[in-house]
Protein chains: 4
Amino acid sequence: MVRPGPTGAPRGRPRSERVRVAVLDAAADLLVEGGMSAATIEGIAARAGVSKATIYKWWPTRGHVALDSFFTRTRDTIAVDPDASLSDSLTVQLQALCALFRDTASGRLMRELAAFAQNDPDVRDALEEHWLRPRRAVAMRLVTEAAERGELRADIDVEAVVDQLFAPVYHRLLFGHAPLREGLAAALVGQLLTGLRPRN
Amino acid sequence: MVRPGPTGAPRGRPRSERVRVAVLDAAADLLVEGGMSAATIEGIAARAGVSKATIYKWWPTRGHVALDSFFTRTRDTIAVDPDASLSDSLTVQLQALCALFRDTASGRLMRELAAFAQNDPDVRDALEEHWLRPRRAVAMRLVTEAAERGELRADIDVEAVVDQLFAPVYHRLLFGHAPLREGLAAALVGQLLTGLRPRN
Amino acid sequence: MVRPGPTGAPRGRPRSERVRVAVLDAAADLLVEGGMSAATIEGIAARAGVSKATIYKWWPTRGHVALDSFFTRTRDTIAVDPDASLSDSLTVQLQALCALFRDTASGRLMRELAAFAQNDPDVRDALEEHWLRPRRAVAMRLVTEAAERGELRADIDVEAVVDQLFAPVYHRLLFGHAPLREGLAAALVGQLLTGLRPRN
Amino acid sequence: MVRPGPTGAPRGRPRSERVRVAVLDAAADLLVEGGMSAATIEGIAARAGVSKATIYKWWPTRGHVALDSFFTRTRDTIAVDPDASLSDSLTVQLQALCALFRDTASGRLMRELAAFAQNDPDVRDALEEHWLRPRRAVAMRLVTEAAERGELRADIDVEAVVDQLFAPVYHRLLFGHAPLREGLAAALVGQLLTGLRPRN
DNA sequence: TCTTAAACGAGACGGTACGTCTAGTCTTCTA
DNA sequence: TAGAAGACTAGACGTACCGTCTCGTTTAAGA
């Protein structure tokens, strides 16, 4: 009788944690050093000291490996101080994102992932679901609640608002036309909340 | 000795215009159909009825071919009505961009180019210089002049302002988290100029 | 400590006869259906419902599995009628061999084994020792005794004689240039004993 | 007008003779050193300093490469002295074959080819057509003509006769149960022509 | 008209990585 | 302890493009 039952241990040799870590590490290193074009399955396998077949067993494409290594490397918490003002909360969020992309390897990783996502709907979806959406959701909630409290106008397009805060960061990361400089987060939040017109 | 002289035409068989057009057409078609991964040099050459060597002779990488075909296919004028208000001018600009990306093949082309640019600084620079910069420059001029006229606050970060207008469009194009819907342009301009807070 | 003692049964779970049979059956079937290239260890294990490791435990290479399955499947007795003439005895032997190779799966198995043997000295030796040698030995004894009785010339090369009887069968099996037809055995024996020259 | 005509020069870069020779040489070397299992396409490509794709372009399987290299390496003429006796002619033939297999690398090559042929009908056919058949044909003609001259009995099976001469050589080559010693050819021919029974 | 030189098509070639396959080995749990 | 399950390394498979190369063939301007 087979039936291992709901709590039954899986049959056979268990998956090696060593392998998982080695692959993700190797992938992240290669991505940071030379981008997606350097992060070939062959290269990752060699660097990780792991067989190609093993990689293919656990990840369908190198895009998924890259995704996994990004999430493993990127420990970015979305903590919100409940007592902070809307303006402060949003600024802190954006500052953290800018710092992450500017000061750590995650910037390079995100660029490569964004590029890869254009050719792999799976990666695009995963990126949207596990990275963009949670961050946008927090911001959208803050904005919505502020609107409900009467702090913001009632007729705003919340999706568009969140884009006007986050998109500039990704845009600069991807096209490099301007730096992710220190004061950017504050400027984005300030200009959008207050508006560009003089207050009369 | 070569010396074609100042007015002298170049010796030898002149470059075939037919080839140039066929290559750019084939490249654009392939890009639209299957993205960068389908637009191989081999594929472009076959589809264009042109020799691989000829393509390499005129374009250093397929990124450059893609760039060229994008610019050839994309007829997007940046006309500005001098009598229009700042708000209208910006809205018209953004609406045109949204329509271009939403309704024509240029959206797909831009996505592929943006992706490719992450791995090819040449393409990134060319994209920045010949596409992003001119459009940003127009918007920056409009904003700066409005500020000088006193229509806008004096302490705004013009670069950031332009990003808050344009970046959301590219962000949605690349990540697909929200559509480039009709009213987006107006919302972006309206929210940013007026601010999110209630006026009174 | 192992020590099963002189009459002692071996410790632990005894080897499963079911496994042995299943493996040899599966191997023979696969060999007949698709030759050595189809009879992979993986395939045999799958078909026999047996673990790969178990096969490796009992047979060093798949050549040995094939050998075993050949000997299991091939029930070919080398019975000699002591009253029969030399000519009849040899003819019967050869006819049996031809029939075995022509009418049963053993022909295909032998072809595959002969091929495999070229790359595996172990298999070659085993084939020689357990298959070729016993059959050759019988024939050599018959020929030698006939020579001693004066029925045959004294200066013959017995090894070569046996080759001239058996080799044609294997040659046709392996190269297929001519069929193992009914009268072949008689022709081989007749021509060799009598000689090709007219008896005048 | 294009039409190069029947004698028209082929378009494009001409096939490199250097490559052809290097591949066949490398293949023959590897075959002799380690047999078919060592003569991988990968190995041949590396040793020949040639791309794998190039090999695949000109030879469908490594079996064909092996065949080609065998025929290139093996310069074995089937010359027949018209004034020699039947016995001498056949003996010379067989001696040459024994010497070829015993003293040159062709023996090893033939063994590997014979093995490979069991799993590749193409190779088997090619071997039969370009190697076995021409040699058998010569022997069959000699035997047939001798029969017509009345030197041999009229009722012999010529195919079987030729097998009784050649098969022992291949049999010993493949199974190694006895050496291809010097006097073998003479023994085979002598015993068969004269018969084994005492002449009296 | 003839020469000359570059453009061009065809396709061979050395590479690199792909994704798949099988051989064997190793590790864990079950009978 | 035998055996099942299956993870794992090693390495060849055949394919697809890459970018370079060597040919022969066109095409037009200049001699």
Side-chain angles (χ1 to χ4, degrees), chain A residues 1-2 4 8-16 18-20 37 39-46 49-58 60-62, chain B residues 2 4-5 8-16 18-19 37 40-46 48-58 60-62, chain C residues 2 10-16 18-19 37 40-43 45 49-58 60-62, chain D residues 1-2 4 8-16 18-19 37-46 48-58 60-62:
Chain A
M1 199 200 285
V2 177
R11 310 287 304 270
R13 179 178 176 176
R15 177 173 176 185
S16 161
R18 195 212 100 229
V19 162
R20 202 186 64 83
S37 64
T40 64
I41 294 276
E42 209 116 304
I44 295 169
V50 149
S51 168
K52 272 202 300 175
T54 303
I55 299 183
Y56 280 112
K57 175 153 210 176
W58 300 111
T61 74
R62 65 200 180 121
Chain B
V2 177
R11 305 287 306 271
R13 177 177 177 177
R15 177 173 177 186
S16 160
R18 197 212 97 230
V19 162
S37 65
T40 64
I41 293 277
E42 209 113 305
I44 295 170
V50 149
S51 167
K52 273 201 301 175
T54 303
I55 298 182
Y56 281 112
K57 177 155 210 176
W58 300 110
T61 73
R62 65 194 180 127
Chain C
V2 176
R11 306 283 304 274
R13 178 175 173 178
R15 176 172 177 187
S16 159
R18 197 212 97 227
V19 163
S37 64
T40 64
I41 293 277
E42 208 111 306
V50 150
S51 167
K52 274 202 300 176
T54 304
I55 299 182
Y56 281 113
K57 179 155 209 177
W58 300 109
T61 74
R62 64 196 180 127
Chain D
M1 200 201 285
V2 177
R11 311 288 304 270
R13 179 175 175 175
R15 177 172 176 186
S16 161
R18 196 212 97 229
V19 162
S37 64
T40 64
I41 293 276
E42 207 115 306
I44 295 169
V50 149
S51 167
K52 272 202 303 175
T54 303
I55 299 182
Y56 281 113
K57 176 155 212 176
W58 300 110
T61 72
R62 66 200 180 120

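Just so you know, these numbers come straight off a predicted model, no measurement behind them. Every heavy atom of this structure was used, including side-chain atoms; hydrogens, water molecules and symmetry mates were not.
Between D:Arg18 and D:Gly49, the closest heavy-atom pair is NH2-O, 3.5 Å. Residue D:Arg62 comes nearest to D:Ile41 through the heavy atom pair CB-CD1, 3.9 Å, listed as atom of the first residue, atom of the second, then distance.
For the pair D:Thr61 and A:Trp58, both in contact range of DNA chain F, the more 5′-proximal nearest nucleotide belongs to A:Trp58. Remark on DNA chain E: of its neighbouring residues B:Thr54 and A:Arg13, the 5'-side contact belongs to B:Thr54, judged by nearest-heavy-atom nucleotide.
Contact check, A:Arg15 against E:dC26: no side-chain N or O comes under 4.0 Å of OP1 or OP2. Neither OP1 nor OP2 of F:dC21 sits under 4.0 Å from any side-chain N or O of D:Arg18. A sub-4.0 Å separation between OP1 or OP2 of F:dC8 and a side-chain N or O of A:Arg20 is absent.
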Distances under 3.5 Å only, N/O to N/O: pair up the protein atoms with those of nucleotides 10-12 of chain F.
unit_1	atom_1	unit_2	atom_2	d
F:dA10	N7	A:Ser51	OG	3.3

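The OH-P distance, from B:Tyr56 to E:dG11, rounds to 18 Å in whole Å.
Every residue was checked against the side chain to side chain contact (heavy atoms under 4.5 Å, CB included) condition with A:Arg13, not counting sequence neighbours, and none meets it. Shown here are the side chain to side chain contact (heavy atoms under 4.5 Å, CB included) partners of D:Ala48, two or more places apart in sequence or in another chain: D:Ala22, D:Val23, D:Ala26, D:Val50. Listed by chain and number, the residues in a side chain to side chain contact (heavy atoms under 4.5 Å, CB included) with B:Ser51 are B:Ala53, B:Thr54 (sequence neighbours excluded).
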